[in-house]
Amino acid sequence: MMKSSSLVFLLSQILVLQQLAVFCASQDFDFFYFVLQWPGAYCDTKQSCCYPTTGKPAADFGIHGLWPNYNDGSYPSNCDNSNSFNPSSISSIKRQLQSEWPTLACPSGDGNKFWGHEWDKHGTCSEDILDQPGYFQAGLKLKQQTDLLGALQNAGINPNGKFYSQTSITKAIRDSIGITPGLECNVDASGNSQLYQIYICVDTSATNLIECPVLPRGKCSSRIEFPIF
């Protein structure tokens, strides 16, 4: 029969290993994808969308998430179930998040469910670098730093339902922010390829833009619709 002291020691070692596994999972990634989505493309599908309880978002790119990634294109997820999203942690920036990181999922919500999903799935994998408020604040700062809509409009690319070349969209963003973005398109009810999401790569401090080690496998045609919102 195992002595109580030996059992306590064994259990303590198991606990240490579990904690170490969580730490390693949250530390082990190579860069972030900062992902922004165009609400007009999110809503212009057969699935459609629901505006948040705060009303229709502005006609601007909204944050989808800040996602830790590996250089081979894979990514960690749900790294710490003991550190679930706490809405009170972002109460001081909730109004900003509702403006810049709005939910479009149905049924309509105030954003907490969306932000909770992003933190639990992605944010916990960088929690040794960014705590909960820090994670969302980093996203807000990157949104301000990049201004993708301004970059496109300065190049004559406007959300007017017209089609633009994939090359011109990529160039306009690269000329503005200094790095090459990844583009992701979806398909509207008529089968047109439309600009849906833009991926920007950021270093592990979540502050500096970098060239993407690997670009997302976005399916875009050579000519892309930029839908109205």
Side-chain angles (χ1 to χ4, degrees), residues 29-47 49 57-75 99-102 104 114 118 122 126 138-229:
F29 68 100
D30 298 313
F31 68 97
F32 286 101
Y33 275 138
F34 180 53
V35 187
L36 297 112
Q37 62 185 9
W38 179 248
Y42 184 106
C43 295
D44 188 20
T45 63
K46 292 179 180 179
Q47 182 177 337
C49 70
D60 192 8
F61 285 91
I63 300 169
H64 185 170
L66 185 61
W67 304 342
N69 249 258
Y70 299 125
N71 287 336
D72 65 3
S74 64
Y75 60 90
S99 173
E100 306 295 341
W101 201 322
L104 290 168
F114 180 30
E118 291 303 308
H122 302 287
S126 60
L140 293 173
K141 289 178 182 177
L142 289 167
K143 169 72 162 48
Q144 185 177 31
Q145 181 180 345
T146 49
D147 186 18
L148 298 185
L149 182 59
L152 292 171
Q153 290 181 321
N154 287 339
I157 300 170
N158 298 292
N160 52 15
K162 294 184 178 180
F163 288 78
Y164 301 90
S165 71
Q166 181 177 168
T167 302
S168 65
I169 293 172
T170 299
K171 182 178 186 301
I173 297 172
R174 184 176 61 242
D175 288 349
S176 176
I177 66 175
I179 62 167
T180 303
L183 305 184
E184 180 183 0
C185 297
N186 63 7
V187 178
D188 67 13
S190 302
N192 296 315
S193 178
Q194 56 183 0
L195 184 60
Y196 171 43
Q197 296 198 131
I198 297 175
Y199 289 64
I200 296 169
C201 291
V202 185
D203 68 7
T204 53
S205 72
T207 54
N208 302 304
L209 307 187
I210 61 172
E211 286 293 342
C212 287
V214 58
L215 289 170
R217 298 175 182 175
K219 297 180 180 179
C220 291
S221 63
S222 59
R223 292 185 61 76
I224 301 171
E225 180 186 5
F226 196 1
I228 297 168
F229 181 66

Any disulfide bond (SG atoms under 2.5 Å apart) pairs touching residues 151-203, not counting sequence neighbours?
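Counting only pairs at least two positions apart or across chains, the disulfide bond (SG atoms under 2.5 Å apart) contacts touching residues 151-203 are C185-C220, C201-C212.
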Supply the atom-to-atom distance [X] [atom1] to [Y] [atom2], rounded to the nearest 0.5 angstrom.
X: S222; Y: Y164; atom1: OG; atom2: OH; result: 15.5 Å
X: S176; Y: L148; atom1: OG; atom2: CG; result: 7.5 Å
X: I173; Y: T146; atom1: CD1; atom2: OG1; result: 9.0 Å
X: N158; Y: F226; atom1: CG; atom2: CZ; result: 7.5 Å

Taking all non-hydrogen atoms of both residues into account, name the closest pair between G139 and L66 and its distance.
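The answer is N-CD2, 4.5 Å.
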List the residues meeting side chain to side chain donor-acceptor pair (under 3.5 Å) with T204, not counting sequence neighbours, and say none if there are none.
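Residues passing side chain to side chain donor-acceptor pair (under 3.5 Å) with T204: none at all.
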What pairs with S74 under side chain to side chain donor-acceptor pair (under 3.5 Å), at least two apart in sequence or on another chain?
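Per chain and number, S74 pairs via side chain to side chain donor-acceptor pair (under 3.5 Å) with D72.
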Derivation of the side-chain contact (heavy atoms from CB on, under 4.5 Å) call for Q194 and Y196:
CA-CA 6 Å; Q194 56 183 0; Y196 171 43; 5.7 Å; no
With [X] via side chain to side chain contact (heavy atoms under 4.5 Å, CB included) - residues at least two apart:
X: Q47; result: T45
X: I228; result: none
X: A155; result: I157, A172
X: T180; result: T170, R174, E211

Could you tell me whether the side chain of Q166 and the main chain of I224 form a donor-acceptor pair under 3.5 Å?
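Flag not set: sc Q166 to bb I224 has no pair under 3.5 Å.
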Salt bridge (charged side-chain N to carboxylate O under 4.0 Å, His left out): which pairs involve [range], sequence neighbours left out?
range: residues 138-147; answer: D60-K143, E100-K143
range: residues 181-207; answer: none
range: residues 162-172; answer: K171-D175
range: residues 216-229; answer: none

Is there a side-chain contact (heavy atoms from CB on, under 4.5 Å) between L183 and I198? Walk through the geometry before answering.
CA-CA 5 Å; L183 305 184; I198 297 175; 4.0 Å; yes
Walk me through whether I200 and L209 qualify under side-chain contact (heavy atoms from CB on, under 4.5 Å).
CA-CA 7 Å; I200 296 169; L209 307 187; 3.9 Å; yes
Quiz question: by atom type and distance under 3.5 Å, do the side chains of W101 and E118 form a donor-acceptor pair?
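The criterion, which ignores hydrogens and geometry beyond distance, is not satisfied for E118 and W101.
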May I ask you to check whether S165 and T167 show a side-chain donor-acceptor distance below 3.5 Å?
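No pair is found: no donor N or O on one side chain lies under 3.5 Å from an acceptor on the other.
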Evaluate the side-chain proximity of W67 to Y199: yes if any heavy-atom separation is below 4.5 Å, no if none is.
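Yes, side chains in contact.
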I210 versus V202: any side-chain heavy-atom pair under 4.5 Å?
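I210 vs V202: side chains apart.
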For F229, look at atom CZ and say whether over 12 heavy atoms of other residues, nucleotides or ligands are found less than 6.0 Å away.
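Yes.
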List, one per line, each side-chain donor-acceptor pair under 3.5 Å for residues 29-42, sequence neighbours excluded.
unit_1	atom_1	unit_2	atom_2	d
D30	OD2	N71	N	2.8
Y33	OH	V214	O	2.5
W38	NE1	P227	O	2.9

Describe, in one word, how the ring planes of F114 and H64 are oriented to each other, choosing from parallel (under 30°), tilted (30 to 60°) and perpendicular (over 60°).
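Plane angle between 30° and 60°, so tilted.
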Walk me through it: do N192 and V187 pass the test side-chain contact (heavy atoms from CB on, under 4.5 Å)?
CA-CA 5 Å; N192 296 315; V187 178; 6.0 Å; no
